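Remarks on the structure that follows.
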Amino acid sequence: MNLQPIIRADGLCRRQGLRWVLVHLNFELQTGESLLLAGGNGAGKSTLLRLLSTLTPPSQGELELFGTSVKVNRRPQRNRIGLLGHTNQLYPELTPSDHLQLWSRLAGMELPKGLLDRVELADRAHDPARTFSAGMCKRLALARLMLLNPDLILLDEPFGQLDAQGVSLMQEAVEGWRDQGKTVVLATHLIERGKPLCDRALLLAHGRLKWTGPAAELSASMVAGADS
Amino acid sequence: MNLQPIIRADGLCRRQGLRWVLVHLNFELQTGESLLLAGGNGAGKSTLLRLLSTLTPPSQGELELFGTSVKVNRRPQRNRIGLLGHTNQLYPELTPSDHLQLWSRLAGMELPKGLLDRVELADRAHDPARTFSAGMCKRLALARLMLLNPDLILLDEPFGQLDAQGVSLMQEAVEGWRDQGKTVVLATHLIERGKPLCDRALLLAHGRLKWTGPAAELSASMVAGADS
Amino acid sequence: MTRQRVAAAFALVGLGLLSWGSYLGLWVAPPDRYMGDVQRIMYVHVPTAWLALVVFTLAFVYALLFLIRRTWRWDALHEATLEIGVLYTALLCIQGALWGKPTWGVYWAWDPRLTTVAVMLLSFAGILSLRHFLDDPLRRASWSATATILASANVPVVYYSVRWWNSLHQLQSTPKTVNSAMVEPLRINAFGLLALTIALIMIRSWIAEARRRRDLAPPLPEIEA
Amino acid sequence: MMALLHKEFLLAWRGRARVAASLTFAAATLLMFSFSAGADGRLLQRLAPGFLWLAILLASTLTLQASFDAETQDGALDGLILSASAASIFYAKALTNWLFLAALGFVLLPLIAALFDAQLGALDRLMSVLLLGTAGLAAPGTLYAALAGRSRAAGLMLPLLYFPLVIPALVSSVKASELAFFGDPMNQWGGWMSLLLAFCLIFWSLCGALSTAILEDG
Amino acid sequence: MMALLHKEFLLAWRGRARVAASLTFAAATLLMFSFSAGADGRLLQRLAPGFLWLAILLASTLTLQASFDAETQDGALDGLILSASAASIFYAKALTNWLFLAALGFVLLPLIAALFDAQLGALDRLMSVLLLGTAGLAAPGTLYAALAGRSRAAGLMLPLLYFPLVIPALVSSVKASELAFFGDPMNQWGGWMSLLLAFCLIFWSLCGALSTAILEDG
Ligand code: HEM
Ligand SMILES: Nc1ncnc2c1ncn2[C@@H]1O[C@H](COP(=O)(O)OP(=O)(O)OP(=O)(O)O)[C@@H](O)[C@H]1O
Ligand SMILES: Nc1ncnc2c1ncn2[C@@H]1O[C@H](COP(=O)(O)OP(=O)(O)OP(=O)(O)O)[C@@H](O)[C@H]1O
Ligand SMILES: [Mg+2]
Ligand SMILES: [Mg+2]
């Protein structure tokens, strides 16, 4: 594993509409490290994750992923990024097995067996996704990340909507990725669940970086205090 | 407070598409009691909440709210029900103050001051809801329930997307409703958060009622065990 | 069992009458003075037209009954009449077009009766397609009943407005007094098709009801604690 | 009801860019019509009233759909159904849609006159046709938009159900506008207007009554 | 690319009822046109090619929009953009839309012939006009649907941008169809077809190139 930073943000700013949502963020993340994004509602976590996914460009400042700026050709970077955001990126009319087939074909890989079993959707493999409950959609979205196994994995509120089994599935997945040396960035309000999974934490408040340090040192009171 | 059941389900069934999602539910809830709905992903919690809101009718069996069947005229019942479901029931183009004005006019009540302050949206009172983060939308939806103060309050994953402050706001709101003798039904995967707020619990698995009893007796292992 | 017998009897009587009437129409009745043998289409065309109207009227009645009574039987009958009505109007348009070509020289004319039939076909086909896009049985039943009522209320208005719209371009010859050798096969075919339609509606509504029962009656009544 | 109306106007006001866009859309359709009908000036002139109404009809499908999109996008309709009667929701929406369509028609008039070189004969007559004709479109359109917006193929279902239903309104509006444009030697204008009025009366009451079945069930 | 095409066909297949509905929609539009043009058979016959193309154009807006609705509803497009190139996403969608529109045109032909008493003169010519003309609609339409689908007023933006752009394709398709329907005494058909071909070539390549800007940025 090299020690080149996989993410390097330098004066990173993002404006949405009339509002500066992210202001002058400076941070680095080494390959294989995992990062916990904390912050109150509206702090800018989801926006930062979309920036890191290259789906939205920075309004100002510099963002480097895998050592190259996102302003240059993003195609090679994109193939190495996986995002699980507020949406699940599913087609309502397609079934889980359709989805898996599509994703594996797109990535040009073999479809591993038993993936749907792992996310406990095997008995619903041929029902369209529009008939799924909130947690089942999330599980299918997780299966996508398990399949693609990208180098940089961005998770926005990964524990939302999942039941206890789903949560431990997600935790195992994150641990598995960490063991493989993948980089995980995880934004959540349930910091007690997030902390054991992450090396470092980054606390946002009103779009500004309030604190960064080892994840274990982050406490609920720090998050609550950051907002005011 | 009378001891007439506010909810009475008798052989309640609901079919969605080709699947029986709720099967022969029998339970009662007294006015002023609050109920915790637990169950794994796809157990049928959201579906049950929509049935209780009268927005979807039962496919079979009997459901009585406020002492009258939902098959009869639902208008008087509906004015007494408030639902916070997976959607936030907001208009993307309208601002928080527009929303509050609409809701209070619809209910024919005065708009109390300081409501947006309580949900910490006062400084965004004139931004359209489409520019809000997930948690901010949820807060606005909470403000609606605080304003309308209905007799039967249905909450689907109320803690999702909210930060720590938002969660305690929600908890205070639920406690306030209980003190006023309102009935709250709350579906969540975070049962440790839900238990202190509820008198009784109801455990669903695959659409069937697995267990019902005092909320304090519900444990995570029971929820995990119910599915299999 | 008896229900099935009744339907079978109706179907048999209907088919029998239809073949008898068609025999009379095709071989016994004299050819038309102006149109020749082509005119023999009339023996199916006119009964189809009548029955299409009857079936859509029934659809309207059933839709109304469903909205008032809210019992599934009326929805099954509503579905049956909708589908058969659309089938008949489609057939009617095809027959009419085939007849129109040799007599009027065109497949289609913007004549009030024809236009109204086309509007009816589209309206009710739209409702069938709406039923397809609604998964929830109750929604499907009550929304499509609503649409049927609106569409049916519209048909006379369409007829009236199109007749007026088009008053300058009458293409169709006024119905002449049909000679009695022609009346008989026509009448027989009409009654035959009526009987067949009754059988079809019965059978189709059973199918609808069976489907609904399969869909709605819980196949898993395991009573648990 | 007043609260609902107020909300509809507020939505229209906040989405006024959309309103402007639908105007441009109607203008674009007019342009397309004239292109596909060919360059014959006399013919275009003759077809102008029909094209005016077609443009209104097409723009109406879009705005009707948009007006329910706002309701279904985040489930706002659920909240409304819990706190207001179906009929009041329906009439508030239908009224707003009517006003909008009528306004659209008024704005299109001078455009039509310019594009197709049509004399705007009897302007008072044209105005009343526009008012009544758009009323005829608004009521069934709003009901079907409510229905289509919550079925699976919203964009397709709406025109599919709505077009055949409004044929009488369309036909009589086109005819009445023709008579207003080109003169009315045989004094038929009143007849068409009564037909239109009858259509409006029937469907404004019928749709209001049926809105309960659509908004409260399911 | 094959995976993307496969997905598009799968989506079309799972939504096949929608395909049938859009056919009915096109038929309904034809009916509406004839109502607003009047009952004069000769006139209708003359306008038939124009109506054919207008019906295709209107149906295409609906299907184009539906094809991106499926992508944006739950953010599926985000996932696609991360794992496939913009051009391949664009061409897969454009190709499917083209095939669909061409099929729609073929089905409408006999209907047009029957309804408007238009002789299907040179059928081979008609077919090639349909193929080329729908190709001309599909490429810019898909691009703009991608753009509109991610803006706020999707339903309105698409036709607004798309209609003016495809005017050349529409005009030349209508002209070429007219010549195929009614005969071509002055041998102009080839000219219109070359224009159409040029339009297609330009826009299939241009839109493919621009798709990067629309799908990859923002
Ligand atoms: C409710 C609908 C309809 C009714 C009640 C109806 C009834 C009739 C009747 C009674 C006749 C016989 C007239 C005679 O022999 O003088 C007739 C003739 C005819 N009908 Fe229909 N018809 C209907 C719809 C249609 C449709 C949709 C078409 C489609 C093109 C059509 C095409 C014709 C033709 C071509 C003739 C013979 C031509 C003529 O006698 O002038 N009809 N129809
Ligand atoms: N289009 C927009 N226009 C204006 N402001 C916007 C827009 N989109 C987002 N914002 C603002 O950006 C801020 C950050 O939003 P973001 O969704 O990133 O928050 P978040 O940290 O994910 O919050 P949550 O925990 O609630 O999900 C919020 O204040 C939000 O209002
Ligand atoms: N339209 C539909 N067709 C078929 N099945 C459906 C439909 N809608 C919901 N279901 C099924 O109903 C079951 C219950 O769904 P519901 O959304 O109520 O679950 P839930 O308990 O809220 O789960 P979660 O915790 O994931 O939110 C699921 O198995 C789901 O697949
Ligand atoms: Mg967020
Ligand atoms: Mg749920």
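This structure is a prediction, so every number in the text was calculated from the model and none was measured. Per chain, numbering begins at 1; letters A, B, ... match sequence-line order.
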| field | Residue part contacting chain B, namely of Gln16(A), when any heavy atom lies under 4.5 Å | value | neither

| note | Bottom line for Ile191(A): the part with an atom under 4.5 Å from chain B's heavy atoms is neither

Determine the option with the most heavy-atom pairs under 4.5 angstrom with chain B, choosing from [options].
| options | result |
| --- | --- |
| Arg139(A), Arg19(A), Lys138(A) | Arg19(A) |
| Gln161(A), His189(A), Glu120(A) | His189(A) |
| Glu157(A), Gln165(A), Met136(A) | Glu157(A) |

| Could you state the interatomic distance from CG (Leu100(A)) to CG (Leu148(A)), rounded to the nearest 0.5 Å? | 9.5 Å

| message | As a quick check of understanding, evaluate side chain to side chain donor-acceptor pair (under 3.5 Å) for Thr47(B) and Arg14(B), giving each step before the final call. | response | CA-CA 8 Å; Thr47(B) 310; Arg14(B) 172 72 196 175; over 6 Å; no

Using a 4.5 Å cut-off on heavy atoms from C-beta on, say whether the side chain of [Y] contacts that of [X].
| X | Y | value |
| --- | --- | --- |
| Leu22(A) | Leu51(A) | yes |
| Pro57(B) | Lys71(B) | no |
| Leu147(A) | Pro112(A) | yes |

| Under a 4.5 Å heavy-atom cut-off, does chain A meet the side chain of Arg193(B), its backbone, both or neither? | side chain

| In this structure, are over 12 heavy atoms from other groups packed under 6.0 Å from His24(A) atom NE2? | no

| field | Asp156(B) and Arg50(B) ion-paired at < 4.0 Å | value | no

| query | Residue by residue, which of residues 216-223 of chain B have a heavy atom closer than 4.5 Å to a heavy atom belonging to chain A? | reply | none

| query | Which pair of heavy atoms, one from Pro96(A) and one from Ala125(A), lies closest together, and at what distance? | reply | CD-O, 3.3 Å

| Sidechain-backbone polar pair: Asp10(A) side chain, Glu62(A) backbone, donor-acceptor under 3.5 Å | no

